[in-house]
Amino acid sequence: MGYNLNQKMVDDIEVAVTSSFDLESQTNYNSWSVLFGCDGISCKLIRTPMEYTGFLVRYSQGSETGLHYNDCEYELLKVKDGEIVNLETNKHYKTGDTLFIDKNKRHNIKAVTESYVFCIMTRHKSVLDKLKN
């Protein structure tokens, strides 16, 4: 979700490479930060144990992240309020739903409604297995 300038070509499609470090460098704990390259998406850092990095992401209706993947971490998205869709799979997630994204798995999240989503990123899949429920 946080974007750096490192772009790679995959199947002739430009895909952003992301990580929690990219997102963390654009956000803080005290206020909403608009994400670089993501019109209508803002984010706050949330305090988490050291095993993972957490964010609360606010999506305006119709906003989307763009096609990207995290090359070094696993991601867990928990919809706190609203509805999002992963445009790569066309699967919808509503309030209370959880989306697990494997490392190196392309995804593009779009907000069907204004949405608030907890995003957790970690290098260790076992950490997210504990948080899925």
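Keep in mind that this is a model prediction, so the values were computed, not measured. Just so it is clear, the values below take in all heavy atoms, side chains as well, and ignore hydrogens, waters and symmetry mates.
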Same cluster for [X] and [Y] if Ile/Leu/Val/Met/Phe/Trp/Tyr side chains link at under 4.5 Å?
X    : Y    : value
I41  : L45  : yes
Y74  : V127 : yes
F100 : V85  : no

Minimum-distance pair of heavy atoms, taken over all atoms of [X] and [Y]:
X    : Y    : answer
S63  : G40  : OG-O, 3.5 Å
S25  : D22  : OG-O, 2.8 Å
Q61  : V112 : CG-O, 3.2 Å
C72  : S19  : SG-CB, 4.1 Å
E75  : T18  : OE2-OG1, 4.2 Å
Y116 : R58  : OH-CD, 3.2 Å

Residue pair [X] / [Y], side-chain heavy-atom distance below 4.5 Å:
X    : Y    : value
L76  : C119 : no
Y93  : L77  : no
I109 : L99  : yes
V17  : H68  : no
L35  : T27  : yes
L128 : T122 : yes
I46  : F118 : yes
N108 : E64  : yes

Query raised in the report: Taking NZ, NE, NH1 and NH2 as the nitrogens, is one of them in D102 or K125 under 4.0 Å from a carboxylate oxygen of the other?
Result: yes
**Report entry** Chi angles and distances behind the side-chain contact (heavy atoms from CB on, under 4.5 Å) call for E24, T53
**Finding:** CA-CA 8 Å; E24 195 171 5; T53 307; 4.2 Å; yes
Report task. Please determine, by modelled atom types, if E51 and H124 share a side-chain donor-acceptor pair under 3.5 angstrom. Result -> no
**Report entry** Short side-chain donor-acceptor distance under 3.5 Å, E73 and S20
**Finding:** yes
Query raised in the report: Does NZ or CZ of R47 fall inside the cone over Y29's six-membered ring, less than 6.0 Å from its centre and within 45° of the axis?
Result: yes
Quick one: does [X]'s side chain have a donor or acceptor within less than 3.5 Å of a partner on [Y]'s backbone?
X    : Y   : result
S42  : V34 : no
K78  : G96 : yes
T113 : E83 : yes
D97  : K94 : yes

Query raised in the report: In this structure, are over 12 heavy atoms from other groups packed under 6.0 Å from K44 atom NZ?
Result: yes
Query raised in the report: If you count the non-hydrogen atoms of other residues, nucleotides and ligands that lie under 6.0 Å from CG in D39, is the total more than 12?
Result: no
Distance check, rounded to the nearest 0.5 Å: [X] atom [atom1] versus [Y] atom [atom2]?
X    : Y    : atom1 : atom2 : result
F21  : Q26  : CZ    : CD    : 10.5 Å
F55  : T48  : CZ    : OG1   : 8.0 Å
I101 : R106 : CD1   : CZ    : 13.5 Å
K105 : D71  : NZ    : CG    : 15.5 Å

Requested in this report: Please assess V79 against I84 for the test side-chain contact (heavy atoms from CB on, under 4.5 Å), listing each intermediate value before the final yes or no.
Outcome: CA-CA 8 Å; V79 182; I84 60 174; 3.9 Å; yes
Requested in this report: Would you please test M121 and N70 for side-chain contact (heavy atoms from CB on, under 4.5 Å) and show each step?
Outcome: CA-CA 9 Å; M121 297 181 183; N70 189 324; 3.7 Å; yes
Report task. Let me see the working for C43 and L23 under side-chain contact (heavy atoms from CB on, under 4.5 Å), right down to the final yes or no. Result -> CA-CA 8 Å; C43 185; L23 196 55; 4.2 Å; yes
